[in-house]
Amino acid sequence: MQNDKLSHVSFVSRLLLGFLFIYHGLVPKILWLSAVEVDLVSLSGLSIPASIASPLAGIGEIILGCLIIFFKKSNIPVYIAVVTLCLLFFVGVSSPKY
């Protein structure tokens, strides 16, 4: 019984985490490039324009979201998500208003 509940919680958690990465890669980066994304790319110091860097990052996020959802036996995509989410530290330091 306990193992069944843990399996269900793990499935729902992976599904939601994967959906969040897919949504955040698709909507503000590919479909409608948000001003926040453009600002963050310019703050990063990359010489790549935001119109190129943001969609590439969005594709990466979509791939990571799919890996999280479909590779249920592997924790590697989840660990990659943890490292990726640590980039939020960059946002907090470079632009606290976000």
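Hydrogens, waters and symmetry mates are skipped; everything else that's a heavy atom, side chains included, is used. Along the sequence shown, the residues carry numbers beginning at 1.
- Val9 is linked by a side-chain contact (heavy atoms from CB on, under 4.5 Å) to Ser13, counting only residues two or more places apart in sequence or in another chain.
- For residues 73-95, no pair satisfies salt bridge (Lys or Arg N to Asp or Glu O under 4.0 Å), with sequence neighbours left out.
- When hydrophobic clusters are built by joining Ile, Leu, Val, Met, Phe, Trp and Tyr residues whose side-chain heavy atoms come closer than 4.5 Å, directly or via intermediates, Ile62 is grouped together with Leu31.
- Legend: residues meeting side-chain contact (heavy atoms from CB on, under 4.5 Å) with Ala53, ordered by chain and number and at least two apart, are Val41, Ile48.
- Looking at Ile80 and Ile68, their side chains never come closer than 4.5 Å, going by heavy atoms from C-beta outward.
- Every pair tested for salt bridge (Lys or Arg N to Asp or Glu O under 4.0 Å) that includes a residue from residues 41-52 fails, sequence neighbours excluded, so the list is empty.
- The CG atom of Leu67 sits 12.5 Å away from atom NZ of Lys72, with the distance rounded to the nearest 0.5 Å.
- Rounding to the nearest 0.5 Å gives a distance of 11.0 Å between CD1 of Ile59 and OG of Ser54.
- Remark: Leu16 CG to Ile69 CD1 distance equals 9.0 Å, nearest 0.5 Å.
- Contact between Pro55 and Ala50 at its shortest, heavy atoms only, is CD-O, 3.5 Å.
- Asn75 meets the side-chain contact (heavy atoms from CB on, under 4.5 Å) test with Arg14, Tyr79; sequence neighbours excluded.
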Which atom pairs, donor and acceptor, lie under 3.5 Å between side-chain atoms of residues 19-29 and protein residues at least two apart or in another chain?
unit_1: His24; atom_1: ND1; unit_2: Lys29; atom_2: NZ; d: 3.2
unit_1: His24; atom_1: ND1; unit_2: Glu61; atom_2: OE1; d: 3.0
unit_1: Lys29; atom_1: NZ; unit_2: Glu61; atom_2: OE2; d: 2.4

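- From Ser7, atom OG reaches atom CG of Asp4 across 6.0 Å, with rounding to the nearest 0.5 Å.
- Residues Ile76 and Val82 do not share a hydrophobic cluster, defined by chaining ILVMFWY side chains whose heavy atoms lie under 4.5 Å apart.
- When all heavy atoms of Ala81 and Leu17 are compared, the pair lying nearest together is CB-CD2, 4.3 Å.
- Linking ILVMFWY side-chain heavy atoms closer than 4.5 Å, directly or via other members, places Ile63 and Ile30 in a single hydrophobic cluster.
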